[in-house]
Amino acid sequence: MKKYILNFKIITNQALNYNHNLLELKCDEPLPEMIPGQFAEVRVDGSVNTYLRRPFSIHRVDYAKNTIHLLIKSVGEGTRNLAVLRSGDKVNIMLPLGNGFPAEENGKVLLVGGGCGIAPLWFLGENLKKNGNDVTMLIGGRSSKDVLLSEEYSEFAKVLISTEDGSLGETGMVTAHSVFKQENLPFTTIYCCGPDGMMKAVSHIAEKQGIPCLVSLENTMACGIGACLCCVVDTKLGHRCVCTDGPVFNSKELKGWSAETEVGCSIEN
Amino acid sequence: MKKYILNFKIITNQALNYNHNLLELKCDEPLPEMIPGQFAEVRVDGSVNTYLRRPFSIHRVDYAKNTIHLLIKSVGEGTRNLAVLRSGDKVNIMLPLGNGFPAEENGKVLLVGGGCGIAPLWFLGENLKKNGNDVTMLIGGRSSKDVLLSEEYSEFAKVLISTEDGSLGETGMVTAHSVFKQENLPFTTIYCCGPDGMMKAVSHIAEKQGIPCLVSLENTMACGIGACLCCVVDTKLGHRCVCTDGPVFNSKELKGWSAETEVGCSIEN
Amino acid sequence: MTDLSVNVHKLNLKNPVLTASGTFGYGEEFDDFIDVNALGGIIVKATTSKHREGNPYPRMAETPMGMLNAVGLQNKGIDYFVDKIYPKLLKYSNCIIANVSDSTVEGYVEVAEKMNRLDHISAIELNISCPNVKEGGMAFGTSCPSAIAVTRAVREVYDKTLIVKLSPNVTSIIEIAQAVEAAGADAVSLINTLLGMAIDAEKRKPVLSTITGGLSGPAIKPVALRMVWQVAKAVKIPVIGIGGITTATDAIEFLLAGASAIQVGTANFVDPQATVKIISGIEDYLQRHGISDVKQLIGGLIV
Amino acid sequence: MTDLSVNVHKLNLKNPVLTASGTFGYGEEFDDFIDVNALGGIIVKATTSKHREGNPYPRMAETPMGMLNAVGLQNKGIDYFVDKIYPKLLKYSNCIIANVSDSTVEGYVEVAEKMNRLDHISAIELNISCPNVKEGGMAFGTSCPSAIAVTRAVREVYDKTLIVKLSPNVTSIIEIAQAVEAAGADAVSLINTLLGMAIDAEKRKPVLSTITGGLSGPAIKPVALRMVWQVAKAVKIPVIGIGGITTATDAIEFLLAGASAIQVGTANFVDPQATVKIISGIEDYLQRHGISDVKQLIGGLIV
Ligand SMILES: Cc1cc2nc3c(=O)[nH]c(=O)nc-3n(C[C@H](O)[C@H](O)[C@H](O)COP(=O)(O)OP(=O)(O)OC[C@H]3O[C@@H](n4cnc5c(N)ncnc54)[C@H](O)[C@@H]3O)c2cc1C
Ligand SMILES: Cc1cc2nc3c(=O)[nH]c(=O)nc-3n(C[C@H](O)[C@H](O)[C@H](O)COP(=O)(O)OP(=O)(O)OC[C@H]3O[C@@H](n4cnc5c(N)ncnc54)[C@H](O)[C@@H]3O)c2cc1C
Ligand SMILES: Cc1cc2nc3c(=O)[nH]c(=O)nc-3n(C[C@H](O)[C@H](O)[C@H](O)COP(=O)(O)O)c2cc1C
Ligand SMILES: Cc1cc2nc3c(=O)[nH]c(=O)nc-3n(C[C@H](O)[C@H](O)[C@H](O)COP(=O)(O)O)c2cc1C
Ligand code: FES
Ligand code: FES
């Protein structure tokens, strides 16, 4: 898919909780085609220590309004600078990058998002629904204040929630949720995005039941377009770039994921 | 004089012409005592290539409103970033720095400002007027659009203007102005700030007539407080720091100024 | 008309802007963003005698106005290059330069020999300065005898333009440059990355899997510029300037310091269009200064 | 209570934060902004045997996240220091370290000898790494024999703590560090500035009067951190880390890499309160991590 460098303007910047912001950005030119799971490399202007672009999942695309949404968790200088952008501010973005989730039709799918990992699952869930899938979405967080956008996700999915402190939904890690307690998991595919530990645990369950598990990985990136080879992950075929061969991988391709599963790793918020 | 690091907020940012802005900044704490000719070191936030502070003359001080004014000419990344600050933006400033102009009483003084060199002469002129001096102010520029704040200066001074292209006031370099044509210049002191060439030319005239000429120098500065020794100027006593021994010097102290005078050097705008 | 063309030994480049090895893939990664043929040339990523998986991740750490990398020459080896990559490079009509690396002199020679047979590869850049491999790499570029040995050996098997890429991690880059000049290099390019390190204070661990890595980006520009200036005065062969070049102004500074051409590295990551912007920026500068030929800038520093 | 004190040879510092020579004047420049006595110690600007005017201006150029300086050891000489400056330093109760520079071994020895008699100067830092003087300076610090010669000569006349400040402009800083250790140094401090250059493309001239100058600031931090880590593993004497330290996190990274203390340089220019902020930031870090003694961080990198 052809990649573009485009200028966007902030339309709205909504603080979702203490460290998450939802940005809506309008493109100066018509938006190119994008598929769920792809990401964008965002230039953070005026940030002294963020020379390189920052990668973010494409959270939502609204072709009618010619906007995209990014869900930003503030973890360092770059994300903090994005979180304070005001309506009208300009942002330079490269997109769409990476491979995205393969399209599935007429299945029964489970989406599992931990913390900010729900970001790519909106665009995905919406598309899966359109393609005739029955969509269940499990959102995990440390506590109720870390569970974001559950109402919005219920537009296209049956939403399940688990929190580690039990302040919302079921208590415990996402992998302890009752949805996984069913003898034969009724899902054709599981899509997962969140901390590595969580994704490993979910893929472990999926693999045991023979269900394909698609995970969206993160990695430190310099270029986002396969030019620097900085973002590799160890796969059964050797080092692969998360930015071009991923970010979405079938968990089976990943080296060490089946064996060293750390079940129930906590979600850092 | 005790130096402070203080936080200010932009009150107004007025574009004076295509490349000059007048910022009014309100201090979070009571303003310390300052004298004309002193300068401030301003931290430019969010500017990738301006790690070091930027020095600017203290243009005006309003103790009643607890504000200072800075007159900024956009020449590079730092000044351009200051020029786009909006009301409410925060700016961290070290001040007051340097020695300032010695106070004169009941004299007849000439202030000569070239381009942005008028910056320190407002605070100075106002004070000289208060001290019972008769103040004449000569403003020089390339053309009319480079002559700034002449109306404002006329509050305390008789304002003379010269432009190189003759579009306002007399035609030519400031040193060609008729005020200098008088046989015996009627001034007790001449104060001058602008490009080096202009200051040298003015000091040349002054020295010939035995009038003390005080010039305000610029230099590349790293610290502004005498700690780095980066900002030296060659004086008859050896290298002296512009930031602590200056920025104001009597032209007689400066090595090479009397001899190598380049009369009538153009003002770069 | 402004003449942007420059010569580096037998290479006639339509403009002085090349891409630094390892930062521009094999060119095609940038096809969506720019007309790659508009560049003076491209230096593709390192090729070694054997397939290499490179270093484990994490391989990257951001630093103030720069980055550390520890890629470690990941590539599929010279035979794969000849079979699979070279054919794809034929679509480019500008100057294609291969970056040759290895851990042994024999390995360098093998790669150079095979590159020599590829018509469309106009030159090789001998990377004796990679800080990210355990054996060889930078070790070759930090002492005169080993720099001479590898240059000489490759010179014997390589007929076309031989560029040797120097390491900045040395006491005197002049000595190394003169040594490889004497050993038969047709040009030198500098600088490769400075050896650096990043630590995650919270985790109390190195950020990179290899602990140390190569520093690149604007942060190193002052060091690169100094070295180019020193070397350009000390050797007769052309010098290609590399290090932190992000804007046309940066590029012009390197030309003034004595570089006949320049390479854009890390800046490609931040702005994949950086190279073409630099070319048009150089053209603007020449017009503004009334200079008709970019070659007049080379070594034109007034000191 | 968190223990912030560290030891560097015989010096007991109340905390690991020192100021880098040439960036903190004689301390008094900072009296308006901080309680200078709150620092672990201060290293005052270089003293040479004779009065020096330093280099002509311009002496400074800003670079991406750094600066080049070409001050060139401007100072009034050791006799003036003893008569006029030393008495003013007596008001500080913390550790005062003199930075000793010169162009000849005899000059270094003269200054060291005179410093030895000053009770309130607890240590000297031998600057064999200044890139901004024509003779001596960095030349002493870039070869083992000369580094050994000057260290040995000074060691003979200096009884108290002798710190040798190393140049990063070398192929192997480990070798130089081991050489000065063998020659009698009680500690090493590193790094001094990297040799760099800036060009004004519009004027086609070097920015600095001396053409090249010393690069400092955050840009060099990755190189400094790497060198501190290398040297700390290779010598038995304490290492003092310098280079781009701006925040408490930076300081902690150097401690983890093996530094027993750190120096804050260029950051003092941007924020004259940087040093005291770093001290309180280190304290916060220790408390947050449940560490009662800062000494536990030294060399604590998990590799
Ligand atoms: C394909 C992809 C998609 C992503 N999607 C999103 C998203 O939709 N929303 C979102 O908020 N974040 C997302 N991230 C993570 C985001 O890129 C990082 O949080 C961001 O780059 C941090 O920048 P910073 O300057 O704020 O932090 P820095 O100051 O650079 O780092 C702060 C801390 O975050 C860690 N960190 C830095 N970069 C990453 C990274 N890429 N992954 C994990 N940890 C990192 C650092 O190690 C450090 O501990 C995504 C990352 C990738 C690779
Ligand atoms: C004591 C003092 C008082 C000053 N007062 C004012 C003032 O009231 N208003 C005002 O607009 N400017 C003033 N200046 C100049 C101002 O500090 C510089 O214009 C500013 O630092 C440039 O920053 P920049 O990031 O925009 O430009 P940079 O990108 O740093 O430089 C752009 C260009 O400006 C030149 N330059 C940089 N710094 C200086 C400098 N200090 N002097 C001259 N040229 C420089 C550079 O060589 C370069 O060509 C003063 C300088 C000093 C030393
Ligand atoms: C991610 C990355 C990979 C690199 N790989 C190579 C390489 O394979 N061969 C080589 O000679 N240099 C390699 N380099 C060094 C660059 O070619 C260049 O010399 C260096 O980055 C300095 O230039 P810059 O500051 O413009 O990036 C690499 C640099 C980076 C950042
Ligand atoms: C303006 C300036 C002057 C310096 N003068 C000296 C000096 O006289 N003696 C010395 O040993 N180092 C001198 N240095 C080097 C610093 O002490 C320090 O080693 C270097 O700047 C790196 O640290 P930093 O990045 O924190 O600034 C000077 C540095 C600067 C910026
Ligand atoms: S980030 Fe550069 S190859 Fe993936
Ligand atoms: S700017 Fe540092 S001494 Fe003047």
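Residue numbers begin at 1 in each chain, while the letters A, B, ... track the order of the sequences.
- By the 4.0 Å N-to-carboxylate-O rule, Arg204(C) lies too far from Glu253(D) to be salt-bridged with it.
- Put simply, of Gln230(C), Lys205(C), Glu202(C), the one with the most heavy-atom pairs under 4.5 Å next to chain D is Glu202(C).
- Nearest heavy atoms, Ile302(C) versus Lys203(D): CD1-O, 3.9 Å.
- With chain D as partner, the option from Ile211(C), Asp200(C), Ile220(C) having the largest number of non-hydrogen pairs under 4.5 angstrom is Ile211(C).
- The two residues Pro206(C) and Val303(D) make their nearest non-hydrogen contact at CG-CG1, 3.6 Å.
- Scanning all heavy atoms of the two residues, the minimum distance from Ala201(C) to Thr249(D) falls at CB-CG2, 3.7 Å.
- Residue Tyr285(C) touches chain D through its side chain alone, counting heavy-atom pairs closer than 4.5 Å.
- For the set Leu255(C), Thr246(C), Thr212(C), Leu256(C), the count of heavy-atom pairs under 4.5 angstrom toward chain D peaks at Leu256(C).
- Of the atoms belonging to Leu225(C), heavy atoms from both backbone and side chain fall under 4.5 Å from chain D.
- Residues Ala257(C) and Ile199(D) share a closest heavy-atom pair of CB-CD1, 3.8 Å.
- Looking at Thr171(C) and Asn169(D), their side chains never come closer than 4.5 Å, going by heavy atoms from C-beta outward.
- With hydrogens and angles disregarded, a donor-acceptor distance shorter than 3.5 Å links the side chain of Arg226(D) to the backbone of Leu195(C).
- In this structure, the portions of Leu301(C) lying under 4.5 Å from any heavy atom of chain D include both its backbone and its side chain.
- Considering all non-hydrogen atoms of both residues, Leu215(D) and Pro222(C) come closest at CD1-CG, 3.9 Å.
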